[in-house]
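For ligands, and for the atoms within them, numbers begin at 1 and follow the listed sequence.
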Amino acid sequence: MSEEQDLKSNYSADNIQVLEGLEAVRKRPSMYIGDTGIKGLHHLVYEVVDNSIDEALAGHADTIDVRILEGNSIRVEDNGRGIPTGINTKENKSALEIVMTVLHAGGKFDKDTYKVSGGLHGVGVSCVNALSTDLKAEVHREGKIWMQEYKIGVPQYDVKEVGTTDKRGTIVTFSPDPTIFTQTTEYKYDTLAGRLRELAFLNKGIKLTLTDEREKLEDGSFLSETFHSEGGLKEFVAFLDDTRTSILAEPIYIEGIKNGVPVELAFQYNDSYSENVHSYVNNINTHEGGTHIAGFRRGLTRTLKNYADKEGLLKNVKMEITGDDFREGLTAVVSVKVQEPQFEGQTKTKLGNSEVMGSVDVAVGEALGNYLEENPKEAKMIINKVILAATARAAARKAREMVQRKSVMGGSGLPGKLADCSDSDPERCEIFLVEGDSAGGTAKQGRDRNFQAILPLKGKILNVEKAMEHKIYENDEIKNMFTAIGVSIGTPEDNKALNLTKLRYHKIVIMTDADIDGSHITTLILTFFYRYMRALIEAGYVYIASPPLYQVKKGKDFEYCWNDAQRDAAVQRLKGAGKEDSVHIQRYKGLGEMNAEQLWDTTLNPATRTLMQATIESAAECDHTFSMLMGDEVAPRREFIERNAKYAKIDA
Ligand code: 0RA
């Protein structure tokens, strides 16, 4: 048998296995990337970037360039060693082809590399390949450029040399398959930017750049940002708190290997009342916490308590101080790298490895113990804050119990303003939280009272970002929401876990005017949900209604429009051969300008409305956004709103 024939027969035998793998991914994409919605779409980018992060963490790369190309293709380039292109003798194929086409082949060729990055699903770039109509891999290595292209994961030719180079690195360009990502293939710049910023903080020293080449800015350039942090988590904490008032001059910071586990953590106290502790394992956000968070809390409480006792700072304090009190106004980020992480919990984002608890406990103890000894003035400020928190907690418990008592009374305990629905199966029921009594009235007339309930809210609701906890439970609008929705709050000991067993609706819809005030109220309500009923958002129960902005009308014909482009198109359609001024445009300034029927047709009717589901893509990002939107500083808020106004219109 000639050498060429031998290669060919092997090639086809291997190919069958590869095709089976790719087919499995295309058949059940959600099993590999979580979902095929907007989250899964963005996950493709993270999967590719993760490989480059690994190469950087191994010390071979320091720059990663991500571009959104025209048509929503993505290009990821790094300056690493380049994926090896030589023929792997066992498989008789180029290593590059194996990495790109075989499931979980990623790190196979470099056992020395300590692979720590890796998406939640850790599936490797071959999955991205399988879910892309087109993918191109380009490797700059040892003076040469190598290339291979694929369609839905299938190589179109053997890896070939296409030129010479003085660069090093890997470039992957792919186009997500619209038959897989049926919801959307449109990338959101802010979503990608949020993740790259997070990765820059979590992996200090690496430079990550994001460029949006889909649309030119006014000056002819592209929107582009570079994320790069030398301070790592210390800068992450400062960023999260940039619109809050810090108590310490600088975050407390530690980095080191404790009992064999690399631990990096930073924390700071601010003058707010909320606790913002974010944790990561191998760059993955562990929303549900786990052993690293348990270790963090234990270390924090023990060290602060020991110090306060030793200094006699608690001599005159009568009430009991709980773990919660040590974390009021605390912003922290904990990041550990674990070789074989065990993920547990509902969303598999809870770390289970028990050895990590001690590692983080020791790290906090060390960092904080030293800090307190060296900074007695700050130490006193922290302890005083803790004592204040314990005092306020007593008031909050009383207020919370009042809300609780009302909400468990059921039926008769419901708020007077609530126009409830007649169905009592929560799965079918919806509640609309409506801004203002007048819009509330229209909504009551327009709704289907079988399954739609209306709760009018009075003007601006309390800004929970700035209020002490007990004030929140004393606020009428907030009390009404608690009792109408039917949730109660657990004790601080079970981390105030929400009790959803008496939840009365599975769709909770925020409905406000389509203007600046309306979006402010939406933000206030979302902030309240995020801080006090986060489980509702996580379970996917919270939605935002999208009322139309315009009605375009000619004679008896009319269309509703949600943005200016739709409006212009509707004008063209309706005017037909007629004159422009025969078409009348009504701009809805508020929900109140619509009558009950119009409100039903556009915003309430499940068959025709558009609801936006509130989701938490990144808790840290959310935390920063809400504190910024609700905080004292005007400039960053205005900047955010201006930047997002464009997207808001497209979304609607
Ligand atoms: C394994 C071995 C080597 C490089 C890589 C993997 C590698 C993979 C990716 C994925 C994206 N960018 C990457 N850069 C490098 C090289 C081993 C060697 O040269 O000795």
Practice task
Ignoring hydrogens and angles, state whether a donor on the side chain of Ser175 or Ser132 is under 3.5 Å from an acceptor on the partner side chain.
Solution key: no
Handout entry: Nearest neighbour of atom 20 (O) of ligand 1 from the list His60, Arg81, Arg168, on a heavy-atom basis
Key = Arg81
Problem - Nearest candidate to atom 9 (C) of ligand 1, where distance is taken over non-hydrogen atoms, out of Val99, Leu96, Ile83 - result: Ile83
Practice task
Could you list which atoms of ligand 1 come closer than 4.0 Å to a heavy atom of Thr170?
Solution key: 12 (N), 13 (C), 14 (N)
Handout entry: Under-4.0 Å heavy-atom contact with ligand 1, by part of Arg141 that carries it
Key = side chain
Problem - Distance-only polar pair, side chains of Thr286 and Ser279, donor-acceptor under 3.5 Å - result: yes
Practice task
Could you tell me whether the side chains of Asn353 and His292 share a donor-acceptor contact shorter than 3.5 Å?
Solution key: no
Handout entry: Donor-acceptor side-chain pairing of Glu97 and Gln148 below 3.5 angstrom
Key = yes
Exercise for the section: Please determine, by modelled atom types, if Tyr189 and Glu225 share a side-chain donor-acceptor pair under 3.5 angstrom. Expected result: yes
Handout entry: Atoms in ligand 1 flagged as close to Asn51, the criterion being non-hydrogen separation under 4.0 Å
Key = 10 (C), 11 (C)
Practice task
Determine whether the side chain, the backbone, both or neither of Pro84 has a heavy atom under 4.0 Å from any heavy atom of ligand 1.
Solution key: side chain
Practice task
Examine Asp78 against ligand 1 and note whether any of their N/O atoms are separated by less than 3.5 Å.
Solution key: yes
Handout entry: Side-chain donor-acceptor pair present, Arg531, Asn276, cut-off under 3.5 Å
Key = yes
